[in-house]
Number of protein chains: 2
Amino acid sequence: MSTEPSVERQLFDLRAHTEPERHEPHERRDAARNRVLLLDAAHRLVDRDGVAAVTMDAVAAEAGVGKGTVFRRFGSRAGLMTALLDHTEARWQGRVISGPPPLGPGTPPLERLLAFGASRLDRTIASADLMAAAAGRHGRSGPAVAFWTVHVRHLLTELGVTGDLPLLAMALLAPLDVTIVSQQLGAGVSRERILAAWTDLAERVVAGR
Amino acid sequence: MSTEPSVERQLFDLRAHTEPERHEPHERRDAARNRVLLLDAAHRLVDRDGVAAVTMDAVAAEAGVGKGTVFRRFGSRAGLMTALLDHTEARWQGRVISGPPPLGPGTPPLERLLAFGASRLDRTIASADLMAAAAGRHGRSGPAVAFWTVHVRHLLTELGVTGDLPLLAMALLAPLDVTIVSQQLGAGVSRERILAAWTDLAERVVAGR
DNA sequence: AATAGAAACGGACCCTGGTCCGTTTGGGAC
DNA sequence: GTCCCAAACGGACCAGGGTCCGTTTCTATT
């Protein structure tokens with residue numbers, strides 16, 4: 001038996017928390033209550049006035065807690081934004097792991113890879129400002145990126161691509177990053193054109209085994 | 001005759017300002033003087049205490065001018081950082097346009113492309129924190145990126161690559177961006193490995209004409 | 001040389017992210 | 001039910017980016 005855990009297992013371990021309870025073992029009641037209070041408040045602010053209006057003071061006030069609490073729960077504004085993203089991200093990851101084709105399993109790998117790229121692009125576009133705000137000063141990080149790369153690496157393996165798969169996967173993901181996509185959208189490039197170019201790129205990478 | 005300007009002409013127009021004088025036609029003497037005062041001060045601070053120490057107040061104080069002046073000259077901290085980068089960037093662009101091989105002309109296109117990637121990677125690593133600070137909230141922008149893409153697009157053309165060259169060029173550049181590279185370095189990936197993976201990517205893109 | 005007005009100046013001021021620390025509270029042990 | 005303390009709380013406080021506006025300084029023009 002292999003000493004390497006299966007890809008499915010890796011992906012599962014990397015999944016974002018769908019269930020709000022999945023946190024530190026003994027989180028005190030007040031802490032848990034305030035977490036959902038804050039998350040709700042932040043969501044409300046985003047919906048009502050946009051990401052820019054989500055100031056740490058505003059969230060604290062809207063949730064009716066002290067500012068210090070917001071920072072203890074989420075560490076920083078970027079952390080809060082990441083938490084906001086986490087909810088939909090977890091659902092999306094679920095669809096990738098076990099949802100219907102072509103994003104989910106039961107699809108030829110290339111088709112699945114292309115569906116993955118299209119879906120990521122759409123997610124990036126849909127919550128560009130949240131993602132930009134979630135990226136701390138030291139670039140993006142965290143489990144979400146790890147999930148994406150592992151998945152792409154897996155697909156590349158299935159396609160028989162050889163080489164430094166982890167880095168190749170990142171290179172494939174890079175053009176779908178908020179910074180790049182936002183810049184292109186800002187320059188008037190359409191979603192369709194971005195997608196077509198990315199598809200082209202992916203096919204070239206796959207073609208050269 | 002073509003209505004499209006030559007690539008050389010395009011690159012020239014995109015070049016960063018090497019000469020300090022190349023600015024608005026009638027810049028007042030005091031304004032010009034303060035610009036170099038501020039740039040010098042900022043450089044000194046970077047060298048002495050690192051990018052993090054380059055606070056707008058600190059720069060103003062070190063230059064002996066008011067804080068408002070810093071903002072009028074450079075617009076924002078990101079703008080100041082961009083200006084700091086501009087100096088070395090201009091010299092580098094000069095080497096790309098008319099320097100010695102393999103970066104400069106007189107080299108087979110593929111070799112030149114690979115040299116370009118290696119050189120960009122090294123520049124990204126060398127001034128990662130400056131570049132991170134120069135990237136405003138809305139991702140990177142400005143003439144530097146335009147220069148890179150035009151150059152890569154040009155090389156791809158010479159290589160006979162077909163497709164959406166501008167976007168393909170950006171996709172090739174994306175993995176060399178500060179955010180991505182910093183993340184990889186932070187994860188313990190070596191410069192050599194990043195370069196190897198990028199070279200692989202570039203060759204795959206070129207291989208599929 | 002005098003003048004006018006455009007441009008630049010400077011620093012007080014505001015806003016927001018992030019820290020600190022004295023106070024309160026939840027919940028396990030007895 | 002009481003006690004205890006680790007954990008959580010909250011808001012005063014600080015630092016740094018960015019704005020504003022009354023004052024000063026250039027420079028073109030006469």
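In what follows, every heavy atom counts, from backbone to side chain, and hydrogens, waters and symmetry copies are set aside. Chain A is the first sequence line, chain B the second, and so forth, proteins listed ahead of strands; every chain is numbered from 1.
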Give the C-alpha distance, both sets of side-chain angles, the deciding distance and a yes or no for salt bridge (charged side-chain N to carboxylate O under 4.0 Å, His left out) between A:R112 and A:E158.
CA-CA 11 Å; A:R112 202 172 168 206; A:E158 283 193 335; 5.1 Å; no

Phosphate-side-chain proximity, [X] and [N], N/O vs OP1/OP2 below 4.0 Å:
X     : N      : result
B:T69 : C:dA8  : no
A:R33 : D:dA8  : no
A:R77 : C:dG17 : yes
A:R72 : D:dC9  : yes

[X] side-chain proximity, nearest of [options]:
X     : options                : result
B:R28 : C:dA7, C:dG26, C:dG11  : C:dA7
A:D57 : C:dG26, C:dT16, D:dT27 : C:dT16
B:K67 : C:dG17, D:dG17, D:dA8  : D:dG17
B:T55 : D:dG17, C:dG26, C:dA8  : D:dG17
A:D30 : D:dG17, D:dC9, D:dT27  : D:dC9
B:R73 : D:dA12, D:dA6, C:dC9   : C:dC9

Decide, yes or no, whether a salt bridge links B:E89 with B:R123 under the criterion of side-chain N to carboxylate O below 4.0 Å.
yes

Between A:R33 and A:E27, is there a salt bridge with N-O shorter than 4.0 Å?
no

On DNA chain D, more 5' by nearest nucleotide between B:F71 and A:V65 is A:V65

Note: for B:R29 and B:V54 on DNA chain D, the residue whose nearest nucleotide lies more 5' is B:V54

Between A:W92 and A:R120, is there a cation-pi geometry (under 6.0 Å to ring centre, at most 45° from the normal)?
yes

Between [N] ([atom2]) and [X] ([atom1]): distance, integer Å:
X     : N      : atom1 : atom2 : result
A:E62 : D:dG10 : CD    : P     : 15 Å
B:M81 : D:dG16 : CE    : C1'   : 12 Å
A:R35 : D:dA7  : CZ    : C1'   : 14 Å
A:L37 : D:dC9  : CG    : C1'   : 13 Å
A:F74 : C:dG18 : CZ    : C1'   : 16 Å
B:H26 : C:dG5  : NE2   : C1'   : 16 Å
B:N34 : D:dC26 : CG    : P     : 10 Å
B:E27 : C:dC9  : CD    : C1'   : 14 Å

For A:V54 and A:A42, work out which heavy atoms get closest and say how close.
CG2-O, 4.3 Å

